[in-house]
Amino acid sequence: MYLARDDEIDPKTNIIAEYKVKGTETFERMAKETAAESSVGTWTTVDYLDDDIMSSLAARAFALDEKNHMMKVAYPIKLFEKGNIPQFMSLVLGNILGMSVVDSMRVVDVHFPEAYLNEFKGPAFGIHGIHKYLGIPKDDPRAILGTIIKPKLGLNPQQHAEAAYRAWKGGIDYVKDDEPQTDQEFCRFEPRVLETLNKVDKIETETGRKVLYSPNITATLPEMEKRARFVQESGGNMLMIDVLTVGFAATEYIRDLDLGLPIHGHRALHAAMTRHPDQGVMMIVLGKLLRMIGVDSLHTGGLHGKMHDDELSTAIKIYKAMQKEPWGNLKPTLPVASGGLHPGSIPKIVNDVGMSVLINAGGGLHGHPDGSVAGGKAMKQALDAAKAKIPLDVYAKDHPELAKAIELWGF
Ligand code: RUB
């Protein structure tokens, strides 16, 4: 009951979750209670739990590795409503993380059968759709370069649009609002979008390059829909959502509107769930769920920046999970490196995770000693150097913007 041997588990008919579990009870008891509470059981015997229910729906813990505090649980796919991520979360990362029989529990990874995965739409654009929009060739991809407008709050719509214009002018592809920028009185949403989209037109006319701008529509759900439609009607080309603070259902609702706009997912709030080494859920799990519901680009850790990541080899796995093809019928999500990055970070990031990545620098672009145009140029020069496999200090000899950036922030 609630325990199985490895060879009894069929990954085609079960969702398999990996857990790190610590506590003073026996490991077997903690495993059994995890499987019971996250499927058909409770803390005591109940009359109606018969053999039929047990044999078809009980989750089973297996691969118990007490030394490393690791176990797996197989969940029969029939436990889950098709296409319903909140219901999935209520079981697989729900009550069990708060059970007093364990001292701590962390969901480390989840593996899905194709049949379950394919109930989801996934990204409408994903990596290849965004590359195509920007004219990046499929057979020679390069990292997409982006910026977050800084200061993160306080600029008025004209100033915000001007900062975006200067960054594009320097040569980057993408501008995003910052995660707390929505519709405050100092920078109303609609004028900010209109002013910044005017600059999209201006830069595209001047340079012939396509660029992207994702306004942050994070709000209540009716307001998000209104803002998303406003962006579409105003000729916008991307949306941004703080996908964890608004939640999975709200994000999926916006994706299902099929507005023809890729969705950029900022992951603010994730650390409340992901950072503790023994408790919560790892980012790779949230990333997979967000790819399933259709986020086109997702913050997956700065790798070499100001925000905490798990150790590098673990942090890189999140990128690989977003880029993985095939993964059911779902398009790949563009992983996003962000937080404390600057031109000097670029070669390390593309070396770690390849060119199918979006690299954002906020302070590391607008903080360039010669301003945002020079900051954008320095980012582009760093990417060109990385692509040509030329060390940054060598490339910087005849690229003054890069030289000033690496003098200030290193590489
Ligand atoms: C970036 C910034 C973003 C972080 C969040 O600004 O503050 O919100 O990307 O981190 P700057 P993560 O470039 O000035 O540091 O993407 O890891 O969640």
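Residue indices begin at 1 and follow the sequence shown. Whatever order the structure lists ligands and atoms in, that order sets their numbers, starting from 1.
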Taking a 3.5 Å cut-off between nitrogen or oxygen atoms, can you list every pair linking ligand 1 to the protein, with distances?
| residue | atom | partner | partner atom | Å |
| --- | --- | --- | --- | --- |
| ligand 1 | 6 (O) | Lys150 | NZ | 3.0 |
| ligand 1 | 7 (O) | Lys150 | NZ | 3.2 |
| ligand 1 | 7 (O) | Lys306 | NZ | 3.0 |
| ligand 1 | 8 (O) | Asp178 | OD1 | 3.4 |
| ligand 1 | 8 (O) | Glu179 | OE1 | 2.8 |
| ligand 1 | 8 (O) | His266 | NE2 | 2.9 |
| ligand 1 | 9 (O) | Ser338 | OG | 2.6 |
| ligand 1 | 9 (O) | Gly339 | N | 3.3 |
| ligand 1 | 13 (O) | Gly362 | N | 2.8 |
| ligand 1 | 14 (O) | Gly363 | N | 2.7 |
| ligand 1 | 15 (O) | Lys306 | NZ | 2.9 |
| ligand 1 | 15 (O) | Gly340 | N | 2.6 |
| ligand 1 | 16 (O) | His299 | ND1 | 2.4 |
| ligand 1 | 17 (O) | Arg267 | NH2 | 2.9 |
| ligand 1 | 17 (O) | Ser338 | O | 3.4 |
| ligand 1 | 18 (O) | Arg267 | NE | 2.9 |

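Here Phe112 and Phe88 bring their ring centres to under 6.0 angstrom of each other.
Environment of NZ in Lys387: crowded, with over 12 heavy atoms of neighbouring residues, nucleotides or ligands closer than 6.0 Å.
For Asp173 and Arg142, the salt-bridge test passes: some basic side-chain N is under 4.0 Å from an acidic carboxylate O.
Nearest heavy atom pair, residue Ile172 against residue Leu145, reads CB-O, 3.6 Å.
Put simply, the residue from Tyr213, Phe125, Tyr174 that forms a ring-ring contact (aromatic ring centres under 6.0 Å, His included) with His264 is Tyr174.
Between Tyr395 and His399, the angle of the ring planes stays under 30°, which puts this pair in the parallel group of the 30/60° scheme.
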